[in-house]
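Note sheet for the following structure.
Side chains are part of it too, since the values below use all heavy atoms of this structure and drop only hydrogens, waters and symmetry mates.
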Amino acid sequence: MVERFLKQTTFTSVEDYNKHLEFIIPENFNFAYNVMDAWAEEDPDRLALLWTSERGEEIRFTFKDLKEKTDQTASYFLSLGIGKNDPVMLILKRHYQWWLSMLALHKIGAIAIPATHMLTKKDIVYRNTRASVKAIVCVNDEYVTSQIAAAMPDSPTVKAVIAVNSDAEAGKAVPEGFHNWEQEWNNVAPFVRPSFVNTNDDTMLMYFTSGTSGEPKMVAHDYLYPMGHLTTGVFWHNLHKGSLHLTVADTGWGKAVWGKIYGQWFAGATVFVFDHEKFNADTLLRQIEKYKLTSFCAPPTIYRFMIREDLSKYDLSSLEYCTTAGEALNPAVFDKFKEKTGIEMMEGFGQTETTMTLGTMPWMKPKPGSMGMPNAQYDIDLVKADGTLCEDGEKGEIVIRVGDKKPIGLFKEYYRDPELTHEAWHDGLYHTGDMAWRDEDGYYWFEGRIDDVIKSSGYRIGPFEVESALMTHPSVVECAITGVPDDIRGMVVKATVVLGKEWKDKAGEALVKELQNHVKRTTAPYKYPRIIEFVDELPKTISGKIRRVEIRKKDAAGE
């Protein structure tokens, strides 16, 4: 399959990849038809999706199964009046109907808007209004359906709401006013492919970014966006036809399309899903052991909890390759995971607006804590605040040079917001808002968001470098570094720290001093946190990113 879309399909070095990566772009590319239905024709019995749940369910979908079921789902959506360019919000947790819905919406030219199940009425109204949502497909969960129902009087564009039971809930009643997927889906007419032909520039997918500050933005992607993830799955994840891959991500988070659908199926790999409500490291490790997963990707937070388990209790010998993205990886986590498993985590970096822009590919030696090197499908550089280019070792903003032709994988626009689009994308550059520096070998090192950089006594301090130092102390599970206004220094460094359960009764001045001295020894002394606060949990976005802005607001309010 890969050879249909790349002029060269294997690479042996950074130089080879940078020089020879070249896409073959069909005129009217549609992932559902050009990749998934093509697999169903060429290799119908190959396992595409292995779906499991904490309720003990297990369903195996071949590529042939997915073609038949996505055709049926497309027919179902058409019967409800959903068609080309209609925005449809999907709130489906990890139910397998998310995969059926995503591919079906691609087939009929509608716009998929994945969303988290944690949205409130206010969040749902905001999304429905901003995107003119035509329909919502959701889990038949009391919280989710109650919030949607409460939002409907203020959501005039929504014409259909469809509730989905898990197989274990078969026959469970759906709320009044909701369509019943279980009953209606089974009784639709055979699918007839619509006569429309999408262009590569049409909008296919939208995400409301959770954002570490401000209201969520609507990130619109075109039909070439899945092709941008070919490099994610085939090269960064290092997948092949024999791979059984799990990416830990809620389907409402952009990371799901990085690791649970597009790049993985370009490679012909099997996507593994574990449908569960609450993360538990032991349960997850048991799944890896039971199903003999070969490939695993998760944000560093997941690895942090995994390495606190006794990994010798689990048979993880099937694991061949592990990757991480979603937040910066602390070197201490890399080292401990390698010590316990022998596997080096390969880090990747990108945004909701992009596919993987920087990463550690299989032909590269990972440097613990580094994001890796630029992905050859993007022209990436670092610029200083005055617009000049950074030399090696200098901190600057990560930018993507766009030029005359938008790179495959870069977003189309912030939907219905040309001003915000221009703010981030102008003069031939897309500004990521993320700070980094580049070493002499060409590896990039994350510093933080531009708004997160702390200026203290004339020094510029990136929160990640202090967090990395703190994370090497055995007491620290998670931490966030922010700046607190100070009359003398301008700002001082503050650490908000989540302790391991065995350390919580030691929270006090003695531990504060110990952590401060630990940072002084581990990194430059001027970076140590003058203020340390112990908390039970950190404020996070719905996608799991730390909201440092919330900590700063609480401090400013004197809370």
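For Lys122, the NZ atom is loosely surrounded, since the number of other residues' heavy atoms within 6.0 Å does not exceed 12. Counted within 6.0 Å of CD on Glu169, heavy atoms from surrounding residues, nucleotides or ligands total more than 12; the atom is thus considered enclosed. Counting non-hydrogen atoms of other residues, nucleotides and ligands closer than 6.0 Å to CD of Glu58 gives a total above 12. By the 6.0 Å contact criterion, NZ on Lys19 is open, its count of non-hydrogen atoms from other residues, nucleotides or ligands being 12 or less. The environment of NE2 in His422 is sparse: at most 12 heavy-atom neighbours from other residues, nucleotides or ligands sit within 6.0 Å.
Note that the CD1 atom of Ile400 and the CD atom of Gln377 stand 9.5 Å from one another [nearest 0.5 Å]. Atom CZ of Phe11 and atom CG of Asn18 lie 9.5 Å apart (nearest 0.5 Å). We find the CG-CG distance between Asn140 and Leu92 to be 11.5 Å, quoted to the nearest 0.5 Å. To the nearest 0.5 Å, the span separating NZ on Lys134 from OG on Ser155 amounts to 15.0 Å. The OH atom of Tyr415 lies 6.0 Å from the OG atom of Ser132; values are rounded to the nearest 0.5 Å. A distance of 15.5 Å separates CD of Glu353 from NZ of Lys412, quoted to the nearest 0.5 Å.
Looking at residues two or more places apart in sequence or on another chain, you find no side chain to side chain donor-acceptor pair (under 3.5 Å) involving Ser318. Not counting sequence neighbours, the partners of Lys406 by the side chain to side chain donor-acceptor pair (under 3.5 Å) test are Asp222. Among residues two or more places apart in sequence or in another chain, the salt bridge (charged side-chain N to carboxylate O under 4.0 Å, His left out) test is passed with Lys292 by none.
The closest donor-acceptor contact from the side chain of His245 to the backbone of Ser243 lies at 3.5 Å or more, if one exists at all. Of the possible polar contacts, one joining the Ser75 side chain to the Ala189 backbone as a donor-acceptor pair under 3.5 Å is found. Looking only at distances, no side-chain donor or acceptor of Glu182 sits under 3.5 Å from a matching main-chain atom of Ser166. Here the side chain of Thr270 pairs no donor or acceptor atom with the backbone of Ala48 at under 3.5 angstrom. Between the side chain of Ser370 and the main chain of Gly372, a donor-acceptor pair closer than 3.5 Å is present. Remark: the backbone N or O of Thr352 is paired with a side-chain donor or acceptor of His221 at under 3.5 angstrom. Using modelled atom types, one side-chain atom of Thr62 and one backbone atom of Pro44 make a donor-acceptor pair closer than 3.5 Å.
The pair Lys159-Asp86 does not meet the salt-bridge criterion, since no charged nitrogen lies less than 4.0 angstrom from a carboxylate oxygen. Asp275 has a carboxylate O that lies under 4.0 Å from a charged side-chain N of Arg55, or vice versa, which qualifies the two as a salt bridge. Using a cutoff of 4.0 Å between basic side-chain nitrogens and carboxylate oxygens, Lys93 and Glu277 are scored as salt-bridged.
Considering only heavy atoms from C-beta on, Thr251 stays 4.5 Å or farther from Leu90 through its side chain. Using a 4.5 Å heavy-atom cutoff, the side chains of Phe235 and Met361 are in contact. The shortest distance between side-chain heavy atoms of Thr120 and Tyr143 falls below 4.5 Å.
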Show the numbers, then the answer: is there a side chain to side chain contact (heavy atoms under 4.5 Å, CB included) between Asp434 and Glu397? CA-CA 6 Å; Asp434 288 303; Glu397 182 188 11; over 6 Å; no
Let's go through Asp202 and Asn200 carefully: what are the C-alpha distance in whole Å and the side-chain angles of both, what is the deciding distance for side chain to side chain contact (heavy atoms under 4.5 Å, CB included) to 0.1 Å, and is it a yes or a no? CA-CA 6 Å; Asp202 285 343; Asn200 289 340; over 6 Å; no
How far apart are the C-alpha atoms of Ile108 and Lys84, what are their side-chain angles, what is the distance that settles it, and do they pass the side chain to side chain contact (heavy atoms under 4.5 Å, CB included) test? CA-CA 6 Å; Ile108 64 176; Lys84 190 173 189 295; over 6 Å; no
Please determine whether side chain to side chain donor-acceptor pair (under 3.5 Å) holds for the pair Thr357 and Asn375, giving the CA-CA distance in whole Å, both sets of side-chain angles, and the decisive distance to 0.1 Å. CA-CA 5 Å; Thr357 51; Asn375 182 357; over 6 Å; no
Does the side chain to side chain contact (heavy atoms under 4.5 Å, CB included) test come out yes or no for Thr355 and Tyr225, once each step is laid out? CA-CA 8 Å; Thr355 57; Tyr225 174 75; 3.7 Å; yes
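For Phe5 and Phe23, the ring centers are positioned 6.0 Å apart or more. Separation of the Phe411 and Trp425 ring centroids falls under the 6.0 Å cut-off. Aromatic rings from Tyr76 and Trp181 are positioned such that their centres are separated by under 6.0 Å. Two rings, from Trp363 and Tyr17, have their centers less than 6.0 Å apart.
A side-chain donor-acceptor contact under 3.5 Å links Asp16 and Gln8. Asn28 and Tyr223 are not linked by any side-chain donor-acceptor pair at a separation below 3.5 angstrom, with hydrogens and angles left out of the test.
Geometrically, Arg401 does not engage Tyr378 in a cation-pi contact, judged by NZ or CZ lying under 6.0 Å from the ring centre and within 45° of the ring axis. For the pair Arg127 and Phe208, the distance from NZ or CZ to the six-membered ring centre is under 6.0 Å and the angle to the ring normal is within 45 degrees.
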